[in-house]
Amino acid sequence: MKNVREIAAAGLMAAVLTASKFALDALPNIELVSLLVIAYALELPRLALPAVYTYVLLYGLLNGFGIWWFPQLYVWLVLYLAARLFRRSESGVLFAVVSALFGLSYGALYALSYGVMNGAAAGFAWWVSGIPFDLLHCGGNFACALVLLRPVRLALRRCGGLFLRPGGSAAGGAQGKRDGSAS
């Protein structure tokens, strides 16, 4: 990150991730973090990983670090990379499917860590016992992304332009110059 604006923006992005996670914690595997990681990866890719890993750290600090926390270090990277892979697409349905597949595979991604720590049989058993929750995660992610991804991306485009360009102008240009001269 190059400047204070980017650091502050990444911090705000992490705060939104954290607040959205806690706001929906009462619902089983229904969350907006996946949607936001995809949106961040598409609209503000340079700030997405700092925001995600700040969120991961905050989540561990607020919930206590345990063996459940270690997979957080790689699961969100998988989603970020998947979103970046399809970054040229504007299809809301495509990203809803990506988000749904991530939700469906979330337990398997977690099981990798449990398998390493406790043995392959324990990792497999943990994954299989969580399949109903992965199905909920899949459906929730699909619905959230289908409905909310477009407006969240639009908001990020507008906010990213306002907060990250010098002078606070979404369009840049003359307002972005300190001396007032046009480009």
Side-chain angles (χ1 to χ4, degrees), residues 1 7 9-87 94-149 152-153 156:
M1 289 186 284
I7 294 169
L12 287 171
M13 292 162 62
V16 170
L17 287 167
T18 305
S20 73
K21 178 62 178 157
F22 283 108
L24 297 177
D25 257 357
L27 302 175
N29 286 13
I30 307 298
E31 45 85 15
L32 297 176
V33 176
S34 300
L35 162 80
L36 292 168
V37 169
I38 291 171
Y40 292 171
L42 296 174
E43 299 302 328
L44 300 167
R46 260 182 29 169
L47 302 179
L49 289 178
V52 166
Y53 284 104
T54 301
Y55 156 74
V56 168
L57 178 64
L58 286 170
Y59 200 56
L61 288 169
L62 294 169
N63 285 310
F65 294 97
I67 62 169
W68 65 268
W69 181 80
F70 292 102
Q72 294 279 315
L73 295 171
Y74 62 85
V75 295
W76 300 113
L77 179 63
V78 170
L79 182 58
Y80 170 86
L81 293 172
R84 294 298 296 157
L85 181 66
F86 298 109
R87 68 185 171 270
L94 171 67
F95 288 109
V97 169
V98 167
S99 191
L101 290 174
F102 175 74
L104 191 60
S105 65
Y106 192 82
L109 290 168
Y110 249 78
L112 294 173
S113 177
Y114 285 132
V116 167
M117 289 187 259
N118 303 310
F124 182 75
W126 189 88
W127 172 61
V128 169
S129 69
I131 288 176
F133 292 99
D134 291 337
L135 292 171
L136 280 171
H137 201 178
C138 173
N141 277 9
F142 182 82
C144 288
L146 194 61
V147 172
L148 297 174
L149 185 62
V152 169
R153 287 184 73 182
L156 286 173

S.K.: Determine whether more than 12 heavy atoms belonging to other residues, nucleotides or ligands lie under 6.0 Å from atom CZ of Phe124.
M.R.: no

S.K.: If you take all heavy atoms of Ala96 and Leu146, which pair is closest and at what distance?
M.R.: CB-N, 3.9 Å

S.K.: Which atom names give the shortest non-hydrogen contact between Ser99 and Asn141, and what distance separates them?
M.R.: O-ND2, 3.0 Å

S.K.: Could you pull out all donor-acceptor pairs under 3.5 Å where a side-chain atom in residues 72-80 meets a protein atom, sequence neighbours excluded?
M.R.:
from, atom 1, to, atom 2, distance (Å)
Gln72, OE1, Trp76, NE1, 2.8
Gln72, NE2, Tyr106, OH, 3.0
Gln72, NE2, Tyr110, OH, 2.8
Tyr74, OH, Leu109, O, 2.5
Tyr74, OH, Ser113, N, 3.2
Tyr80, OH, Pro45, O, 3.4

S.K.: Suppose we screen for ring pair (Phe, Tyr, Trp, His ring centres under 6.0 Å). Which residues come up paired with Phe95, at least two apart in sequence or across chains?
M.R.: none

S.K.: Report the residues that fulfil side chain to side chain contact (heavy atoms under 4.5 Å, CB included) with Phe22, sequence neighbours left out, ordered by chain and then residue number.
M.R.: Thr18, Asp25, Tyr59, Leu62, Asn63

S.K.: Testing the basics here: between Asn118 and Ile67, what is the closest heavy-atom pair and its distance to 0.1 Å?
M.R.: ND2-CD1, 4.4 Å

S.K.: Using a 6.0 Å cut-off, check whether atom OH of Tyr53 has over 12 heavy atoms from anything other than its own residue.
M.R.: yes

S.K.: Kindly indicate whether the side chain of Val33, heavy atoms from C-beta on, has any atom under 4.5 Å from the side chain of Ser20.
M.R.: yes

S.K.: Under the rule for salt bridge (Lys or Arg N to Asp or Glu O under 4.0 Å), what residues qualify as partners of Glu31, not counting sequence neighbours?
M.R.: none

S.K.: Distance-only, no hydrogens or angles: does the Asn29 side chain make a donor-acceptor pair with backbone N or O of Phe133 under 3.5 Å?
M.R.: yes

S.K.: How far apart are the closest heavy atoms of Arg153 and Ala39, and which atoms are they?
M.R.: CG-CB, 4.3 Å

S.K.: Kindly determine whether Tyr114 and Trp68 satisfy side chain to side chain contact (heavy atoms under 4.5 Å, CB included), including the steps that lead there.
M.R.: CA-CA 8 Å; Tyr114 285 132; Trp68 65 268; 3.7 Å; yes

S.K.: Considering residues at least two apart in sequence or located in another chain, which fulfil the side chain to side chain contact (heavy atoms under 4.5 Å, CB included) criterion with Ala111?
M.R.: Trp126, Trp127

S.K.: Hey, is the main chain of Val56 close enough, under 3.5 Å, to the side chain of Trp69 for a donor-acceptor pair?
M.R.: yes

S.K.: Treating Arg87 as the side-chain partner and Arg84 as the backbone partner, does any N or O pair qualify as donor plus acceptor under 3.5 Å?
M.R.: yes

S.K.: Among Leu47, Leu17, Leu57, which one satisfies side chain to side chain contact (heavy atoms under 4.5 Å, CB included) with Val52?
M.R.: Leu17

S.K.: Considering residues at least two apart in sequence or located in another chain, which fulfil the side chain to side chain contact (heavy atoms under 4.5 Å, CB included) criterion with Ala82?
M.R.: Val98

S.K.: Can you give me the closest heavy-atom contact between Leu32 and Cys144, atom names plus distance?
M.R.: CD2-SG, 3.7 Å

